[in-house]
Peer 1: 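Take this structure first; my questions come after.
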Amino acid sequence: MKKVKLAYGKTGIEVTVPDQAVVIEPRHLAALPDEKAAVTAALRQPVGTLPLKEMVQQNQKVVIVISDITRPTPNHKLVPWLLEELAHVPSDNITILNGLGSHRANTQDELVQMLGRKVVDTIRIINHDAFTKEQLVKVGVNSHGSNVYFHKEYVNADFKIVTGFIEPHFFAGFSGGPKGICPGVAGIETILDFHNAKMVGHPLSTWGIIDGNILQGAATENCLMAKPDFMLNVTLNGDKAITGVFAGDVIAAHRQGCSFVKEHAMYEVDAPFDIVITTNSGYPLDQNLYQTVKGMSAAAQVVKPKGAIIAVSECSDGLPNHGNYAKILKMRETPQELLDMINDESFSMFDQWEAQVQAMIQLKADCYLYSSIDEETIRQAKLTPIKDVESTLQQLMNQYGENTRIAILPLGPLTIPYVK
């Protein structure tokens, strides 16, 4: 037997597993020796654009789009370093736009946690609200016939900067890049169209795929209707330290970052597993069950049909109790009925995409959840609550027999396994 530490909340938990269990982790990359120097160098020698400082004029209105509290983007580092590079621009000319997509607004305390007290006290910050029409402006209609709405202050800015981090994404292929704008600062109508059942259910809308991924393609097409003038994205290791910096053109620099991530964060296995234990990379990514579907999806890539997934995710923010995710899960009795409802073209409700992916996973494997959520709420979410990971693992091993194949994803979707 061996001990494995699983990312869970802010502290993690340790479990004992059989020696033959395959532990699937990112190829560990050391943090850059001088993160600030690396970011500054990327801002001054970007991909596909002039250096940032040369592009921004003193009198221009600048909007910096950031990702919200549910993402581990090191905004507290990136934004101050960006501001140093923009020191010639008066602080009154700069606005930070929190790219929430359809997530809840972040509190003042959370913004301080994300950005640091100095930034919060000196720079104007707006929480994007996808549901308030007065905040939005239409920028066009995409090739799928969808109306594209973005936050009007972003669209009307003289100079647009998008930040973020790049990791494999369960239906967009990779995060970062265009996704910082769509869905980051998009209106709810655009978000619904962007996450419709056809796009999310497409076979190429999955981890690690860019070419042919219609969802990434829609994000890119929409983003280019109000293209950011500059992108700053980073990659992170399991300690949330910066391992790579990709800056400049939102497409060219992002593609470089995706290639880097694919090389280090995708893990090939010879055959699928009976049982896969996964996490959602710990805090802040495992704050709720909605986000935890990503860790479950990573596990689903290598679990056998009729196998079992054990998700270990704190979910300190519940399902959460805002949005429609919890409501949708209660609208039908079984995962198949849920999927049938969502796939009906007459059905459209924001958050349906997370319920859709969860239902697809549950049709493949039995899903168990170890978390801080009460058992009844977990059952209403159509998952099986467990109180102890090790005892559940033992019960499943007894069920699958002596040759049970087990995989562990201690950092969840920071590593995406796939069958050879």
Side-chain angles (χ1 to χ4, degrees), residues 9-11 36 39 61-87 89-136 150-157 160-165 175 179-181 183-188 191 228 232 234 236 240 242 280-291 314-326 350-351 372-373:
K10 295 181 179 179
T11 57
K36 182 178 180 181
V39 170
K61 297 292 185 182
V62 178
V63 166
I64 301 172
V65 178
I66 64 170
S67 50
D68 73 358
I69 191 69
T70 65
R71 303 295 189 261
T73 309
N75 294 308
H76 62 292
K77 298 176 183 178
L78 300 184
V79 173
W81 297 340
L82 270 171
L83 293 175
E84 287 184 22
E85 204 68 6
L86 298 173
V89 180
S91 58
D92 288 348
N93 284 9
I94 300 174
T95 296
I96 294 172
L97 178 56
N98 191 15
L100 293 158
S102 59
H103 299 170
R104 68 168 174 83
N106 294 147
T107 66
Q108 188 75 1
D109 286 344
E110 287 173 332
L111 291 173
V112 171
Q113 178 185 336
M114 292 161 58
L115 292 162
R117 173 59 66 183
K118 182 179 179 181
V119 171
V120 172
D121 287 347
T122 57
I123 303 295
R124 177 172 175 253
I125 302 172
I126 301 173
N127 277 312
H128 171 62
D129 182 354
F131 304 91
T132 300
K133 290 184 178 179
E134 291 74 22
Q135 278 198 11
L136 307 171
F150 291 148
H151 196 287
K152 67 180 179 181
E153 293 216 26
Y154 166 78
V155 174
N156 294 332
K160 306 171 181 65
I161 300 172
V162 62
T163 65
F165 89 109
S175 66
K179 283 189 84 271
I181 304 305
V185 300
I188 189 59
I191 292 173
L232 172 60
V234 296
L236 307 173
K240 310 296 192 292
I242 297 173
N280 212 51
S281 306
Y283 184 88
L285 291 173
D286 74 346
Q287 287 182 84
N288 55 55
L289 184 59
Y290 175 99
Q291 296 295 336
E314 186 178 39
C315 301
S316 58
D317 196 23
L319 263 67
N321 61 7
H322 53 84
N324 286 332
Y325 169 66
F350 85 90
D351 286 343
S372 63
I373 304 175

Peer 1: side-chain contact (heavy atoms from CB on, under 4.5 Å) with K152: which residues, sequence neighbours excluded?
Peer 2: V137, N156
Peer 1: If we ignore angles and hydrogens, is there a donor and acceptor under 3.5 Å between the side chains of N98 and D68?
Peer 2: no
Peer 1: Just to verify, what does N324 make a side-chain contact (heavy atoms from CB on, under 4.5 Å) with, not counting sequence neighbours?
Peer 2: K327, I328, M349, F350, D351
Peer 1: Looking at residues at least two apart in the chain, or sitting in another chain, which of them share a salt bridge (charged side-chain N to carboxylate O under 4.0 Å, His left out) with D92?
Peer 2: none
Peer 1: Would you please name every residue forming a side-chain contact (heavy atoms from CB on, under 4.5 Å) with P90, sequence neighbours left out?
Peer 2: Q58, N93
Peer 1: With sequence neighbours left out, write down each residue that passes side-chain hydrogen bond (donor to acceptor under 3.5 Å, both in side chains) with H128, or none if nothing qualifies.
Peer 2: none
Peer 1: So, does D286 use its side chain to make a donor-acceptor pair with the main chain of E314 at under 3.5 Å?
Peer 2: yes
Peer 1: Using the test side-chain hydrogen bond (donor to acceptor under 3.5 Å, both in side chains), find all partners of S67 that sit at least two apart in sequence or belong to another chain.
Peer 2: T73
Peer 1: Does the S102 side chain pair with the main chain of I188, one donor and one acceptor, at a distance under 3.5 Å?
Peer 2: no
Peer 1: Kindly state each residue pair satisfying salt bridge (Lys or Arg N to Asp or Glu O under 4.0 Å) with at least one member in residues 106-116, sequence neighbours excluded.
Peer 2: R104-E110
Peer 1: Could you list the residues that satisfy salt bridge (charged side-chain N to carboxylate O under 4.0 Å, His left out) with K118, not counting sequence neighbours?
Peer 2: none
Peer 1: Where do P320 and A326 come nearest, in terms of heavy atoms and distance?
Peer 2: O-CB, 4.3 Å
Peer 1: Check side-chain hydrogen bond (donor to acceptor under 3.5 Å, both in side chains) between T95 and all other residues, then give those that pass, not counting sequence neighbours.
Peer 2: R124
Peer 1: For S91, which residues count as a side-chain contact (heavy atoms from CB on, under 4.5 Å) partner, sequence neighbours excluded?
Peer 2: I123
Peer 1: Can you give me the closest heavy-atom contact between V185 and G99, atom names plus distance?
Peer 2: CG1-CA, 4.2 Å
Peer 1: Tell me, please, which residues at least two apart from K61 pass salt bridge (charged side-chain N to carboxylate O under 4.0 Å, His left out).
Peer 2: none
Peer 1: What residues form a side-chain hydrogen bond (donor to acceptor under 3.5 Å, both in side chains) with T132, not counting sequence neighbours?
Peer 2: D129
Peer 1: To check you understand the geometry: which heavy-atom pair defines the closest contact between S372 and C315, and what is its length?
Peer 2: OG-O, 3.4 Å
